[in-house]
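Remember, predicted model here, so these are calculated numbers, not experimental data. The figures that follow rest on heavy atoms only: side chains count, while hydrogens, waters and symmetry mates do not.
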Amino acid sequence: MRFLLPIVFMLLSFGMNSQSKEGYRNISKEDAVKTLQRVNKWFSATPTYSFSITHTTYAGHNSTVVHEQKRGFFKKYKEGFHSHMVGINTLQNKNFLVTADTSQRIILVSDPIKNFENNKLSFEEYVKLLEKATSIKLNETDKGIILKMEFGKNSPVAAYEFIIGKNDLLQSITIYYANEVKALDGKMVKPKLNVSFSDYSTQVPFNKGELDESKYFSVNKEALVLKEKYKDYEL
């Protein structure tokens with residue numbers, strides 16, 4: 001969902017271990033937007049930060065058995081950012097935005113995203129994104145809140161569930177997909193993806209080489225030439 005940093009862009013156990021105060025209650029789209037904007041405010045106002053990311057998939061909305069799990073990270077500096085998740089390595093400096101997909105063996109190079117940390121939606125744009133939600137519910141817990149959005153039959157996503165700590169830091173997003181797929185055992189299931197964010201830190205020592213695009217390519221007479229290590233990648 002574009003309104004969260006890659007982020008967005010989280011720990012499912014947070015909600016399972018929290019004690020509910022009142023249970024779920026329906027809230028308006030406007031109140032949901034205010035909640036999400038508070039989350040974005042921390043990312044926009046913090047010049048340097050890092051967090052760990054864990055992608056976990058399940059074969060079924062109610063399944064607690066892990067199908068696949070991958071770990072990664074996101075680091076934001078004043079000079080740019082670096083992330084690694086699900087086999088995709090991304091870095092941005094003042095000159096380039098570089099994405100290296102190790103599974104597809106593709107390297108994408110473009111101009112850097114200007115002011116990406118402030119590239120947020122207006123209140124009205126947030127509300128428009130939530131137009132297709134059939135219900136929006138909020139559950140207050142002793143550790144924060146759980147925000148759940150459900151969608152209609154024609155949506156590829158049945159629901160999103162956001163878990164947000166009392167400090168307005170995003171802990172997790174769970175995506176409940178609406179369409180069935182065939183599991184390894186041959187059964188048809190509706191998959192579930194949980195993306196958890198942990199180990200937040202604002203003390204991230206800057207390593208200039210981390211954002212150096214020359215590890216992937218060199219610029220030769222305005223043409224990009226892949227380094228030997230990536231010569232079989234598509235640019």
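Side-chain atoms of E150 and T134 form no donor-acceptor pair, as typed in the model, at a separation below 3.5 Å. No hydrogens or angles considered: nothing links the side chains of N220 and S218 as a donor-acceptor pair under 3.5 Å.
No single ILVMFWY cluster, assembled from side-chain heavy atoms under 4.5 Å apart, contains both I88 and L108. V219 is connected to L91 through a chain of hydrophobic side-chain contacts under 4.5 Å among Ile, Leu, Val, Met, Phe, Trp and Tyr, so both are in one cluster. Linking ILVMFWY residues whenever their side-chain heavy atoms come closer than 4.5 Å, directly or via other members, leaves Y176 and V181 in distinct clusters.
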Quick one: do L36 and L147 satisfy side chain to side chain contact (heavy atoms under 4.5 Å, CB included)? Show the steps, please. CA-CA 9 Å; L36 295 173; L147 178 65; 4.1 Å; yes
Pair K29-E131, salt bridge (charged side-chain N to carboxylate O under 4.0 Å, His left out): steps then yes or no: CA-CA 8 Å; K29 293 180 176 65; E131 280 183 353; over 6 Å; no
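In this structure, the separation between CD on Q69 and OH on Y58 is 7.0 Å, given to the nearest 0.5 Å. Note that CG of L170 is 9.0 Å distant from CD1 of I163, once rounded to the nearest 0.5 Å. Rounded to the nearest 0.5 angstrom, T90 OG1 and D101 CG are separated by 9.0 Å. Interatomic distance, CG of L138 versus CZ of R25, reported as 5.0 Å (0.5 Å rounding). For the atom pair CG of N26 and NZ of K148, the computed distance is 12.5 Å after rounding to the nearest 0.5 Å. K231 contributes atom NZ, which lies 14.0 Å from atom NZ of K229 (distance to the nearest 0.5 angstrom).
Other residues, nucleotides and ligands place more than 12 heavy atoms under 6.0 Å from the NZ atom of K227. Applying the 6.0 Å contact sphere to CG of D185 captures more than 12 heavy atoms from other residues, nucleotides or ligands. Under a cut-off of 6.0 angstrom, the local environment of CD in E234 is sparse, with at most 12 non-hydrogen atoms contributed by other residues, nucleotides or ligands.
Y216 pairs in a ring-ring contact (aromatic ring centres under 6.0 Å, His included) with only one of the listed residues (Y233, Y230, F96), which is Y230.
For K70, the side-chain contact (heavy atoms from CB on, under 4.5 Å) test picks out E68, V86, with sequence neighbours left out. Take K78 and apply the salt bridge (charged side-chain N to carboxylate O under 4.0 Å, His left out) test, not counting sequence neighbours, and it matches no residue.
Taking the ring centroids of Y200 and Y49, they lie at or beyond the 6.0 Å cut-off. Residues H82 and F73 place their aromatic rings such that the two centres sit under 6.0 Å apart.
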